[in-house]
There are 2 protein chains.
Amino acid sequence: MVTLKELAKLLNVSVSTVSKALSDSSEIGEATKKRVTELANELNYKPNRIAQQLKSSETKVVGVVVPSLMNPFFAEVVHGIETTLGNHNYDMTICISNESLEKEQRSFDLLSTGSVDGFIVAVARETQKEYNIKHFESVSKSTPIVMFDRVLNDVNCSKVVVDDFQSVYEAASYLIEKEDRKHILLISNIQELSVGQHRINGYKKAIQESNLSESILKLDGEKNPDELILHYLKEHKDVDAIISIDHITGIMALNMVKKLNKHVPNDISVIGFGYADSQFVSSPKISVINQKGYEIGKSSALTLLEILSKKVKTTYKTEMVKSELVLNETTKKA
Amino acid sequence: MVTLKELAKLLNVSVSTVSKALSDSSEIGEATKKRVTELANELNYKPNRIAQQLKSSETKVVGVVVPSLMNPFFAEVVHGIETTLGNHNYDMTICISNESLEKEQRSFDLLSTGSVDGFIVAVARETQKEYNIKHFESVSKSTPIVMFDRVLNDVNCSKVVVDDFQSVYEAASYLIEKEDRKHILLISNIQELSVGQHRINGYKKAIQESNLSESILKLDGEKNPDELILHYLKEHKDVDAIISIDHITGIMALNMVKKLNKHVPNDISVIGFGYADSQFVSSPKISVINQKGYEIGKSSALTLLEILSKKVKTTYKTEMVKSELVLNETTKKA
DNA sequence: TTGTAGGCGTTATCAT
DNA sequence: ATGATAACGCCTACAA
């Protein structure tokens with residue numbers, strides 16, 4: 001690594017002259033500027049970012065802590081974050097909590113120590129269950145935090161959430177009103193998460209408003225979700241629509257319906273939760289509530305960048321990114 | 001951020017006393033050690049990592065540059081990398097090249113400037129196409145690089161590759177020998193990547209050895225891959241097995257076969273490329289060549305960590321992580 | 001046992 | 001127009 005000092009020695013000038021010349025300061029003569037920049041290019045000088053960070057006490061790095069990257073939703077969010085940060089010359093350090101409280105705490109501990117200017121986090125399942133918020137509270141005193149999707153209400157920070165309640169409410173209402181469905185099964189794989197609860201509540205509201213009755217199949221932690229779905233459908237032959245509140249069980253349910261030789265969507269409609277290309281792995285192409293992970297990531301990043309750009313403490317806000325009901329081949333055309 | 005200096009002032013001792021006390025140096029008396037550690041805990045002192053990095057010229061951070069995170073294979077690899085690095089107290093900065101040469105170059109430029117101790121990279125599609133290796137060559141002089149999966153032979157660094165050729169060769173041989181298949185269709189979505197070529201060549205070898213004839217359907221860049229598959233199968237009714245060399249088209253092909261009311265695996269066997277839970281989104285559960293992304297990530301990280309642990313220049317090695325043929329419900333039981 | 005001083009690489013202030 | 005000096009926070013050889 002070539003440093004300012006080395007350049008200075010080679011050119012027989014002082015370190016500060018070199019520094020100023022490279023930042024095109026008006027204090028430096030054109031001749032020396034040329035000499036300096038030429039040598040710097042030749043030796044491929046790049047300022048040491050660590051030194052700059054120490055000097056400026058700014059890292060231009062954001063810590064991103066997510067439960068998993070193999071969940072396509074989080075992968076998409078992270079993609080949105082990365083792109084947005086990149087446009088503002090920020091980098092991103094990623095920690096994966098693996099749904100573990102302890103790993104999440106360690107990540108915050110490690111990074112809150114000057115390594116990053118701020119955090120973007122979706123809290124781990126365990127954290128949410130045990131409602132342990134100490135690490136967030138202590139860090140947020142010195143470093144701004146933005147939470148998305150999995151959010152803890154009692155932590156005082158900006159948040160970006162999904163309209164979980166409303167989106168499922170609308171999907172169920174659509175099935176009831178436009179398709180005249182009478183027995184809508186809700187399949188859940190995530191009922192213990194706050195977002196899962198919201199989605200279930202949206203479903204319940206729509207059902208209650210129409211005086212239908214609720215059917216909820218909870219698969220969280222079960223080994224053979226597909227068989228349970230199949231079994232349920234066999235026992236309840238009047239099911240005429242399915243809403244799944246996570247990605248995989250939606251596709252699964254579709255496959256099970258086909259296995260029973262029922263026609264989709266004529267006999268049974270299916271609406272899943274999805275991402276950009278959920279449709280590619282299903283036939284017929286599945287209708288989904290699209291969570292817009294990219295938008296959520298972008299929004300989270302912009303929110304954090306805005307906080308970082310101000311010196312003063314900002315007041316925290318909660319933003320909602322609306323999902324989109326994408327009607328495809330597993331629902332009837334409106 | 002509370003610093004050593006502040007602690008020193010509050011305790012009326014020198015900075016170095018505090019520093020030594022906190023690192024439990026034998027030079028410091030027990031009494032002062034206690035005073036120091038107690039105040040440090042009370043004020044929640046944590047050494048500033050940036051300062052430590054500058055001092056030691058080690059960051060304990062690895063730069064990871066991948067084409068995408070929404071490709072489950074890369075997501076899985078990154079997970080393996082993160083876990084392994086974490087076990088060795090390393091962090092990870094992720095840049096997503098988005099298959100763009102320029103973005104990849106920018107990432108290397110930015111990070112090779114003291115921000116990271118080493119790189120783990122899967123090269124972008126564009127980089128591979130244009131075979132531009134300058135940024136790797138210049139960085140690798142000062143910072144070790146480990147390449148995985150998408151690898152450039154001419155770059156002098158350690159590599160972790162997949163047995164692309166062998167795995168497809170074995171899958172095809174299995175279909176020919178154990179299932180007596182006569183017309184095996186290979187579906188490719190990635191023929192322009194080196195790994196795609198290797199996989200195709202593995203297929204070709206198996207076909208030639210058995211005096212069968214090749215059928216290759218290239219879908220790269222096509223808008224309606226599913227329809228093309230369907231069309232192909234209608235035109236070639238004697239196809240009795242399909243190998244797909246990427247994740248999505250495997251599931252797609254399976255769905256198209258079912259659409260034609262052919263039985264899987266009795267009429268047609270299907271083998272895709274897959275990850276841990278590919279089977280969950282298909283019915284019947286798809287047989288796959290499992291790439292073991294986690295292992296690849298782990299191996300890449302360990303390789304880099306080993307290089308970093310030695311001061312001397314190591315000699316570069318190329319390691320191969322064997323894929324596993326996971327026979328499931330879309331092939332006949334052996 | 002404790003303190004002083006110097007340096008990691010950069011930048012900014014203040015002299016010359 | 002150029003240079004000397006100090007500072008960011010930490011560590012450590014050396015001095016007291």
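We name chains A, B, ... by the order of the sequence lines, and we start the count at 1 in each one.
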Query raised in the report: Within this structure, what is the CG-to-P distance between B:Leu22 and D:dT12, rounded to whole angstrom?
Result: 13 Å
Query - For atom CD of A:Glu30 and atom P of D:dA1, their distance in whole Å - result: 9 Å
Query raised in the report: Do any side-chain nitrogens or oxygens of A:Thr17 fall under 4.0 Å of OP1 or OP2 in D:dT2?
Result: no
**Report entry** B:Phe119: partners by ring pair (Phe, Tyr, Trp, His ring centres under 6.0 Å), with sequence neighbours left out
**Finding:** B:Phe108
Query - By side-chain contact (heavy atoms from CB on, under 4.5 Å) - contacts of A:Glu99 (at least two apart) - result: A:Pro67, A:Ala124, A:Arg125, A:Arg150
**Report entry** Qualifying residues under side-chain contact (heavy atoms from CB on, under 4.5 Å), relative to B:Lys60, sequence neighbours excluded
**Finding:** B:Arg49, B:Glu58, B:Tyr90
Query raised in the report: Side chains of A:Glu319 and A:Ser299: donor-acceptor distance under 3.5 Å anywhere?
Result: yes
Requested in this report: Answer whether the closest heavy-atom distance between the side chains of B:Val195 and B:Val162 falls below 4.5 Å.
Outcome: no
Query - B/S/- contact track for nucleotides 5-11 of chain D, protein heavy atom under 4.0 Å - result: --BBBBB
Report summary line: Contact span of DNA chain C against chain B, any nucleotide atom under 4.0 Å from a heavy atom, 5' to 3', runs C:dT1 to C:dG9
Query raised in the report: Between the axis at one end of the helix from C:dT1-D:dA16 to C:dT16-D:dA1 and the axis at the other (five pairs apiece), what's the angle to 10 degrees?
Result: 60°
Report summary line: Paired with A:Ile145, the side chain to side chain contact (heavy atoms under 4.5 Å, CB included) test is passed by just one of A:Val139, A:Val65, A:Ile120, namely A:Val139
Query raised in the report: What is the nucleic acid contact for B:Thr32, judged by heavy atoms within less than 4.0 Å: base, sugar-phosphate only, or nothing?
Result: sugar-phosphate
Query raised in the report: Is a donor on one side and an acceptor on the other found under 3.5 Å between the side chain of A:Glu104 and the backbone of A:Ser97?
Result: no
Query - Any donor-acceptor pair under 3.5 Å from A:Ser23 side chain to A:Lys20 backbone - result: yes
Requested in this report: Run the numbers on A:Leu302 and A:Leu304 for side chain to side chain contact (heavy atoms under 4.5 Å, CB included), then give the verdict.
Outcome: CA-CA 5 Å; A:Leu302 289 177; A:Leu304 182 59; over 6 Å; no
Requested in this report: Please determine if A:Lys310 and A:Glu306 form a salt bridge, counting it only when a charged side-chain N lies under 4.0 Å from a carboxylate O.
Outcome: yes
